[in-house]
Structure formats: structure tokens, C-alpha cells
Amino acid sequence: MLPIDAAAHSSRWRRRHPVDKAVLGLGLTVLAISLPPWPGAALVLLTALVVLLGPAGVPGRRLWRAYRVPLGFCVTGALTLLVQVGGTGGFVSLAPDGPVRAGELLLRTSAASLGVLLFAFTTPMSDLLPRLVRAGVPAPVVDVALVTYRMSFLLLDSMRRIREAQAARLGHTGRAAEWRSLAGLGATAFVRAFDRATRLQAGLAGRGYDGTLRVLVPEARVSVRFTAASCALLATLAALTLVLERPLT
């Protein structure tokens, strides 16, 4: 199980309905994208951090491990705005308004990423996907997503076991051994993936599979109080941004 998925299963908000958490987490993401970068995105970023580390109870170290990957993409994308190609300064030169645009982009993307992580750290996929059928998503699409989600963990576990077996047999002692181990890992994982898929199909057929996977979903109700509080928080952030809006210069 991936760390973020394990954190979602042990979250304080695990028993809350996904709609409650979607209103808050995805609402913060929408605000980060739509509000002015300063102070809107900065306020969203700070609010998401406070909620994640406070009421949601996400450990700081685990949050940083998950956040540093999208943050790296955010920084990489922002750095490209610091330069321009062509113009009077040469083939490549510093953009006149590069730092301002880079800062705005970094604020927007980093805040939006935290909003998505808030939803991901509190909502297991096994709770979300079965409920998508009620939201109008075709059942076969949800079934494929569920099977893919399950198979991905099995494949990752198989690859981990293969890597451990290769390391125990000195398969990583040199560059040549590394390449041989990598080729063996790819071939073995490919064969095992098809073998698991075949066994899964046979098992479903033996259990009378009729085109729909029926799974137990934990009982949960949409909390009017939680949703109302989330909407009030989002509205407060939007109003505060309009009051404190200043150019990022």
C-alpha cells in the first residue's frame, strides 16, 4: 500500500462522506486557481496546511514526502518563466517580469496541490470509486478503475519482492549486474501481471460475474454542518482576498 493511501485509511476523517471532503479539498483547489495569486493563493496554501496538520491529523513528515513531488514540478514550471527566448537581450535572456510571474505561478500551483492532497490524504480510493456509480459514472468504468487500482498494488508488491530477491543474490553489485537485474525485473513483472489478470478473470467467472463488481462501502452520510462550515471557510477566503488584494510587486 502506498504511504498516502495508508494515511487515508488511518485518517481522522476516514468515516466522513467523500462529498464532505471534496467540498473542502477541491474547493480550496478551485480557489487557488481562480483567485489572484496574492494574497488569494497564499491564503489558500496557509489554510490547507493548517487543516492538513490540524483537524485532518496528517503527520508532517508524511505530508512532506507526498508534497515534495508535486512541489518539484511547481518549482520547475515556475523557473521557466524567469527567462525568455529571443528579443533584444539575445537568444536567451532574463524576462523583465519573470520573477513576478514565476512567483504567481508557484503560489497558484503549490496551493492547488495542497488542496488535492487534502482530499487524497483523507479519502481512500476504495471509499470513493464505488460511490461514483451513484454520481452517474458508468459502472464498467468504475469496475475497470477498481481492478486497476487493486492490481497496481499487487504489481508494486511483486516488483519489491523481485528486487529483494535480486539484491540477496548480489544482482546489484555492478553496472552489468544492474542491467541484467533490471531486464529480469521487467520480464518477470510482465509475466506475473498477465498471470494475475488471467487468474482474476477466472475467479470472477467462477463467481458469476455479470459485468458489475459489488463491493461493501462503509456507511457514511453527508454532514450538513461540515459542508456548511467548509463553504463558509471558502467564502471567507474569497472575501478576505478581495479585501486584501494587492499587486505582487
Side-chain angles (χ1 to χ4, degrees), residues 1-30 32 44 47-71 73 111-161 193 196-197 200 203-204 207 209 211-231 233-234:
M1 183 177 292
L2 296 177
I4 191 170
D5 199 69
H9 279 276
S10 59
S11 171
R12 296 176 184 174
W13 292 352
R14 163 71 193 280
R15 299 303 176 185
R16 290 195 176 276
H17 198 281
V19 171
D20 296 341
K21 296 169 283 189
V23 170
L24 179 57
L26 302 185
L28 289 173
T29 301
V30 172
V44 171
T47 303
L49 277 177
V50 171
V51 174
L52 277 164
L53 300 176
V58 178
R61 182 175 298 180
R62 187 171 291 180
L63 174 61
W64 168 245
R65 287 182 178 178
Y67 185 47
R68 62 187 179 184
V69 176
L71 183 60
F73 284 100
S113 299
L114 277 179
V116 175
L117 286 178
L118 174 60
F119 182 73
F121 265 107
T122 55
T123 310
M125 294 296 291
S126 56
D127 292 351
L128 175 63
L129 290 176
R131 290 185 168 92
L132 293 180
V133 178
R134 302 177 184 175
V137 179
V141 176
V142 176
D143 291 346
V144 171
L146 281 170
V147 173
T148 303
Y149 177 71
R150 173 61 178 167
M151 291 291 292
S152 62
F153 288 109
L154 295 176
L155 181 60
L156 289 174
D157 182 66
S158 296
M159 294 177 66
R160 179 184 60 82
R161 293 175 182 271
R196 287 185 181 276
L200 176 62
L204 290 174
R207 290 168 175 81
Y209 177 65
T212 302
L213 291 174
R214 295 173 178 84
V215 296
L216 293 176
V217 181
E219 289 292 334
R221 294 183 178 180
V222 177
S223 174
V224 177
R225 294 179 59 185
F226 187 91
T227 304
S230 300
C231 293
L233 176 61
L234 297 175

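Note that the structure is predicted; figures quoted are calculated from it, not measured. The residues of the chain are indexed from 1 along the displayed sequence. Below, each value reflects all heavy atoms present in this structure, side chains not excepted, and no hydrogens, waters or symmetry copies.
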Minimal non-hydrogen separation, Ser113 against Pro70, with atom names: OG-CB, 4.0 Å

Can you give me the closest heavy-atom contact between Arg16 and Lys21, atom names plus distance? O-NZ, 3.3 Å

Could you grab the distance from atom CG of Asp20 to atom OG1 of Thr123, nearest 0.5 Å is fine? 9.5 Å

Within a radius of less than 6.0 Å around CZ of Arg160, do more than 12 heavy atoms belonging to other residues, nucleotides or ligands occur? yes

Leu234 and Leu24 have their tightest heavy-atom pair at CD2-O, 4.3 Å

Any residue meeting ring pair (Phe, Tyr, Trp, His ring centres under 6.0 Å) with Phe226, in chain and number order, not counting sequence neighbours: Trp13

Rounding to 0.5 Å, atoms OH (Tyr67) and CG (Leu52) come to a distance of 10.0 Å

Give the minimum heavy-atom separation between Ala111 and Ala32, together with the two atoms involved. CB-CB, 3.7 Å

By side-chain contact (heavy atoms from CB on, under 4.5 Å) - contacts of Val19 (at least two apart): His17, Val23, Val222

Residue pair Leu28 / Gly115: nearest heavy atoms and the distance that separates them: CB-CA, 4.4 Å

Is Phe119 close to Thr29 at the side-chain level, that is, under 4.5 Å between some pair of heavy atoms? no

Tell me if a side-chain donor or acceptor on Thr122 pairs with a main-chain N or O of Leu118 at a distance below 3.5 Å. yes

Residues two or more places apart in sequence or in another chain: which of them pass side chain to side chain donor-acceptor pair (under 3.5 Å) with Arg161? Asp157

Phe121: which of Leu114, Leu63, Val116 passes side-chain contact (heavy atoms from CB on, under 4.5 Å): Leu63

Considering non-hydrogen atoms only, spot the tightest contact between Arg12 and Gly54 and give its length. NH1-O, 2.9 Å

